[in-house]
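Reading through the structure tokens given below for one structure.
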Amino acid sequence: LHRVDRRQRQMCIRDRNNTTFIDVEIYNRGTQTIYDFATSYIMDGDIGGATDDFVGCDSTRNLMFQYNGDDFDSSMSGISGYESNPPSFGVMLLNDTISSCVVFDNSGTQITSAMQAYNIMQGFNINGAAILDDNLNETKFQFYDNPNNTAGWSEVTTGGIPGDRRSLMSVVVPQFIPFTKLSYSYAIVYSRDGSNNFDNVNEVLAVADEVQSYYNANIDGECQFTLSNVELNQIEFDIYPNPSNGSFFINPNGNYVKSIFVRDMTGREVYSELLESSSIVSLELNCQSGLYIVEIETNLGHLTKSIVLK
């Protein structure tokens with residue numbers, strides 16, 4: 001079970017309006033230990049025109065990045081290009097160490113089986129073979145150098161042809177113990193402050209360092225935060241116990257609750273109640289075990305939260 005919490009914050013860094021934080025929690029609610037458990041973040045950037053991009057990674061920053069193959073991004077298939085000086089962006093893991101980063105091309109390599117996906121998540125080619133760098137050394141970080149480094153290993157130095165790229169950044173956990181959770185914090189970083197498509201990669205690396213420092217400092221009270229309705233979903237009310245055998249309590253934390261709807265993962269409504277209350281509300285579900293979505297209308301707006309029925 002994943003919970004994704006997307007937050008855009010006004011940060012005390014130069015690209016504060018272009019950074020998005022994503023928190024992911026993964027729960028092992030089973031009774032068996034899962035060995036060599038891999039979780040991944042897939043990046044399909046499509047910088048303007050989708051078929052002229054390169055990708056790379058920086059394992060020291062736990063970052064995968066994408067950039068335009070040339071310094072003019074043309075419009076393609078009805079999608080407007082950035083034209084001159086196209087930007088670069090990346091996805092970085094803030095609170096753990098990535099195990100691998102693998103590149104594949106949408107027009108070439110296609111994942112058609114669970115085993116192929118698992119191979120890539122483990123840092124191998126789609127067929128399970130090891131990835132080799134330009135010196136024929138095995139690596140799990142494909143194109144691990146900055147493209148501005150002419151002596152490094154990147155899609156630029158290998159003479160690659162730009163295309164519709166995908167890349168997959170993974171973390172492998174040797175043992176995922178029952179009734180525990182894994183928590184990962186990601187940031188999507190962006191820059192167009194450089195002088196050309198390659199220089200913007202340098203700028204993204206610099207922004208990544210600033211974001212990591214910001215995250216490490218855990219600054220409170222020094223920046224103005226702009227919270228979206230998605231954030232309110234997570235912080236403005238509580239449901240407990242969760243998981244439950246069917247009896248839940250909703251604490252609106254002083255907010256005024258107007259209605260409650262519960263839906264299963266197909267969108268089917270399994271419970272509804274109209275009320276006018278700012279008190280703790282009891283919720284009784286007589287449904288099959290599984291994940292459900294609670295939708296609550298309050299005086300602050302529409303909020304949602306997931307619950308687990310044991």
Side-chain angles (χ1 to χ4, degrees), residues 1-7 20-44 55-66 90-104 109-133 135-145 153 165-189 205 208-209 211-213 215-216 218 234 242-243 265 289-291 306 308 310:
L1 169 64
H2 291 63
R3 179 180 67 80
V4 179
D5 181 10
R6 298 176 183 268
R7 294 171 286 176
T20 300
F21 290 88
I22 301 175
D23 293 336
V24 179
E25 292 180 352
I26 308 170
Y27 296 83
N28 182 0
R29 302 204 186 275
T31 59
Q32 297 182 349
T33 297
I34 304 174
Y35 294 93
D36 295 326
F37 178 83
T39 182
S40 303
Y41 196 117
I42 187 170
M43 182 173 71
D44 178 11
V55 290
C57 71
D58 186 331
S59 61
T60 65
R61 291 180 169 89
N62 297 298
L63 169 75
M64 57 182 175
F65 53 85
Q66 190 157 344
V91 178
M92 61 186 303
L93 179 60
L94 297 166
N95 66 334
D96 210 325
T97 301
I98 61 175
S99 305
S100 63
C101 184
V102 178
V103 176
F104 55 103
T109 303
Q110 296 287 338
I111 299 174
T112 58
S113 70
M115 181 55 68
Q116 291 176 340
Y118 190 67
N119 286 338
I120 292 179
M121 293 172 73
Q122 292 287 329
F124 299 106
N125 284 302
I126 193 170
N127 61 1
I131 295 172
L132 303 178
D133 66 12
N135 293 315
L136 301 182
N137 296 316
E138 292 187 8
T139 181
K140 292 193 175 185
F141 299 96
Q142 198 164 5
F143 303 124
Y144 49 65
D145 280 320
W153 186 44
R165 294 291 194 268
R166 308 283 191 274
S167 54
L168 194 82
M169 184 171 69
S170 304
V171 179
V172 176
V173 179
Q175 296 184 17
F176 192 6
I177 306 299
F179 308 112
T180 62
K181 72 175 181 179
L182 303 171
S183 299
Y184 299 109
S185 292
Y186 297 90
I188 301 176
V189 293
L205 298 181
D209 290 341
V211 171
Q212 186 68 67
S213 296
Y215 180 86
N216 293 344
N218 194 23
Q234 306 298 333
N242 189 14
M265 296 310 293
S289 300
L291 178 66
S306 59
V308 176
K310 294 192 292 186

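Residue indices begin at 1 and follow the sequence shown.
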Taking all non-hydrogen atoms of both residues into account, name the closest pair between [X] and [Y] and its distance.
X: R61; Y: A208; result: CD-CB, 4.5 Å
X: V211; Y: A187; result: CG1-CB, 3.9 Å
X: A130; Y: F124; result: CA-CD2, 4.0 Å
X: Q212; Y: L94; result: NE2-O, 3.0 Å
X: N135; Y: D133; result: N-OD1, 2.8 Å
X: I42; Y: M64; result: C-CE, 4.3 Å

Atom pair [atom1]/[atom2] of [X] and [Y] - distance to nearest 0.5 Å:
X: Y118; Y: I111; atom1: OH; atom2: CD1; result: 14.5 Å
X: I120; Y: S100; atom1: CD1; atom2: OG; result: 9.5 Å
X: Y41; Y: I98; atom1: OH; atom2: CD1; result: 13.5 Å
X: I188; Y: Y186; atom1: CD1; atom2: OH; result: 11.0 Å

Just by modelled atom types, is the [Y] backbone N or O under 3.5 Å from a matching donor or acceptor in the [X] side chain?
X: D58; Y: L63; answer: no
X: D44; Y: R166; answer: no
X: Q116; Y: T112; answer: yes
X: N127; Y: A129; answer: yes
X: K140; Y: Q122; answer: yes
X: N28; Y: K181; answer: no

Do any side-chain atoms of residues 169-180 form donor-acceptor pairs under 3.5 angstrom with protein atoms, and if so which ones, sequence neighbours left out?
residue	atom	partner	partner atom	Å
S170	OG	S40	OG	2.6
S170	OG	M121	O	3.2
T180	OG1	I177	O	2.5

| task | Return yes if a side-chain donor-acceptor contact under 3.5 Å exists between Q142 and Y144, otherwise no. | result | no

Query raised in the report: Just wondering, do D96 and N62 contact through their side chains at under 4.5 Å, heavy atoms?
Result: no

